[in-house]
Structures are given as structure tokens and as C-alpha cells.
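Before any comments, here is the structure.
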Amino acid sequence: MNFLEERILKDGVVREGNVLKVDSFLNHQIDISLLEKMGEEFKKRFADKEITKILTIESSGIGIACIVARYFNVPVLFAKKTQSINVDGDKYCTQVYSYTHQCMNNVFVSKKYLDPSDKVLIIDDFLANGAALLGLTEIVKQAGACVQGIGIAVEKGFQDGGKIIREKGFQLESLAIIEAMDAKTGKIEFRN
């Protein structure tokens, strides 16, 4: 069992509807020392890849992506879900369904921050059905850039997202893959 699995067992809470709450340490309140370990682990897993940019989607993946970016010494770029007056110029856009919020989001990245020379490592906190990752890979494709790999903190292995992403040929590295969760007992089983 690895450090993230241990932390999930210690502080994660299973809720009805296949929801795993890790907000006490990962995606609301953030344990920076845990993120440091995650960044170091992603650096090991993608050590053979040339990375020029880390890409994530707002908002829960940003913290993890920032720590990972320190290990690669590259900038973080995050796909925005809302248009604001300070985002100008041309954008790469796609639609992503949010499992957490149960809605469709238009996500975008400014064209001035992603171009064909970029070699991108996508980082996010959760992988369930793969919609967010497919949206991010679509944005990278629109830019003519290259996805070098995808790093996920927690993959719900009992849902199809991981299978879909791997079948598309991407190197997908998940730090913890959950095979089963039971909201009644709170039991969590990880993939070996």
C-alpha cells in the first residue's frame, strides 16, 4: 500500500453514489507535504518524458499540478470553466461533463499559452468516467501539441474512465486506483 492509499483509508469518507470525500487533505483543505510526495512520484513515473507544460482543469487539480510543475520546472496551465473579462484573445474550447457537479461545462485555454511545440503532462485529482481528461486531450490536440502522459491522484477503477484513456494509447499513471467502495461500511478496496 502506498502513501496516498494509506491517507485515503485514514481520512477519506465514502458517500452514497460512489463519492469519495478527500476534502480534508486533497481538494478543499490541502496537505502540502502529501502533494510533495505526489509530485515526486509523478516525476519518477514520467522521468523519461520531455515535459514543457503541466495542464489541468480548474479547480481541484490546480494544487497538485503546481507541485508537479516544480519537479519538472515548467509552468502550469489550467483550463478555465468560466469566461472572465481578463481572458482575451483566441481560445481552444471544448465541452466537459462534470460528474461532481452534474452539469456540462465549456472549458477553454488561451491560445497564447499552448502551441504545437508543447509537450504536455496532464494532471488531475480524480478520474471517474474520463470526461475531463478527454476534454483536456482535445484541447491539446486542437493546439497541435503532444500529450506526453496523464497523472491522476485517485482513479475510480470500477468506472470506465481509466479503461477509455488507456485504450486511446495514453500513458496513464494513477497513484491510487480504487476497485470498490461501500458507503454503508466505509470500506475501500484498492487495485494491486
Side-chain angles (χ1 to χ4, degrees), residues 1-15 18-79 96 98-100 107 109 118-137 140 147-159 161-166 170-181 188-192:
M1 181 167 300
N2 71 34
F3 65 92
L4 183 56
E5 292 169 344
E6 288 173 1
R7 186 63 181 268
I8 291 168
L9 289 179
K10 179 178 177 267
D11 294 325
V13 177
V14 180
R15 295 266 173 92
N18 290 323
V19 173
L20 175 64
K21 286 185 58 70
V22 291
D23 60 344
S24 69
F25 60 93
L26 189 62
N27 58 14
H28 190 56
Q29 174 173 274
I30 299 173
D31 180 337
I32 298 300
S33 62
L34 179 71
L35 264 60
E36 286 287 345
K37 290 179 185 174
M38 293 169 65
E40 184 177 5
E41 184 62 26
F42 283 130
K43 177 63 175 170
K44 287 179 192 170
R45 294 187 186 202
F46 295 103
D48 64 331
K49 303 288 186 180
E50 180 186 355
I51 306 295
T52 63
K53 205 152 283 174
I54 305 293
L55 176 65
T56 192
I57 191 166
E58 69 177 355
S59 64
S60 296
I62 295 173
I64 301 165
C66 287
I67 299 295
V68 173
R70 280 188 23 193
Y71 282 88
F72 286 93
N73 195 30
V74 298
V76 173
L77 177 62
F78 64 91
V96 172
S98 171
Y99 178 81
T100 307
V107 299
V109 167
D118 281 313
K119 294 170 177 47
V120 178
L121 175 59
I122 296 173
I123 297 289
D124 208 359
D125 61 340
F126 270 91
L127 169 56
N129 62 16
L133 292 181
L134 291 173
L136 291 175
T137 63
V140 173
V147 175
Q148 295 287 80
I150 299 171
I152 297 294
V154 183
E155 177 182 338
K156 293 180 178 177
F158 54 87
Q159 291 184 266
K163 180 179 182 230
I164 291 166
I165 297 299
R166 287 179 181 96
F170 295 109
Q171 178 184 348
L172 172 60
E173 298 288 338
S174 299
L175 301 184
I177 302 176
I178 297 173
E179 284 295 351
M181 300 187 303
I188 300 169
E189 295 176 32
F190 295 100
R191 185 177 294 172
N192 291 329

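We're numbering straight along the sequence, starting at 1.
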Looking at Asn73, I'd like to know if its CG atom is crowded, meaning that more than 12 non-hydrogen atoms belonging to other residues, nucleotides or ligands lie closer than 6.0 Å. no
Do Asn27 and Phe126 come within less than 4.5 Å of each other through their side chains, counting heavy atoms only? yes
What is the minimum heavy-atom distance between Asp31 and Arg7, and which atoms define it? OD2-NH1, 2.5 Å
Nearest-0.5 Å distance that lies between atom CD1 in Ile177 and atom CD1 in Ile152: 10.5 Å
Counting only heavy atoms not in Lys37, do more than 12 sit closer than 6.0 Å to its NZ atom? no
Leu134 CG to Ile150 CD1 distance, which is reported to the nearest 0.5 Å: 8.0 Å
Got a second to check how far Arg15's CZ is from Leu20's CG, nearest 0.5 Å? 10.5 Å
Which distance, rounded to the nearest 0.5 Å, do you find between the NZ of Lys163 and the CG of Leu172? 14.0 Å
Heavy-atom check, side chain of Phe78 versus side chain of Val107, under 4.5 Å: no
Of the non-hydrogen atoms in Ile54 and Ala65, which two are nearest, and what is the gap between them? CG2-CB, 3.7 Å
Does any part of the side chain of Ile64, heavy atoms only, come nearer than 4.5 Å to the side chain of Ile30, both counted from C-beta? no
Heavy-atom closest pair, residues Glu5 and Leu175: OE2-O, 4.4 Å
Residues Ser174 and Glu155: closest non-hydrogen pair is OG-OE1, 2.7 Å
Is Asn129 reaching over with its side chain to a backbone N or O of Ala131, donor-acceptor style, under 3.5 angstrom? yes
Any ion pair linking Arg45 and Glu41 (charged N to carboxylate O, less than 4.0 Å)? yes
Counting distance only, does the side-chain N/O of Thr52 pair as donor-acceptor with the main-chain N or O of Lys119 below 3.5 Å? yes
What do the steps show when you test Leu26 against Leu35 for side chain to side chain contact (heavy atoms under 4.5 Å, CB included), and what is the final call? CA-CA 8 Å; Leu26 189 62; Leu35 264 60; 3.9 Å; yes
Does any part of the side chain of Leu55, heavy atoms only, come nearer than 4.5 Å to the side chain of Val109, both counted from C-beta? yes
Tell me the closest heavy-atom pair linking Cys66 and Val76, and the distance in Å. CA-CG2, 3.7 Å
Side-chain touch Met181/Asn18, heavy atoms, less than 4.5 angstrom: yes
Starting at CG of Leu9, measure out to CD of Glu189 and round the result to the nearest 0.5 Å. 10.5 Å
Answer yes or no: is there a side-chain heavy-atom contact under 4.5 Å between Phe46 and Glu173? yes
In the structure I gave you, are the side-chain heavy atoms of Tyr71 and Glu36 within less than 4.5 Å of one another anywhere? yes
Rounded distance (nearest 0.5 Å) linking atom NZ of Lys21 with atom CG of Asp11: 12.5 Å
Taking all non-hydrogen atoms of both residues into account, name the closest pair between Glu179 and Phe190 and its distance. CG-C, 4.0 Å
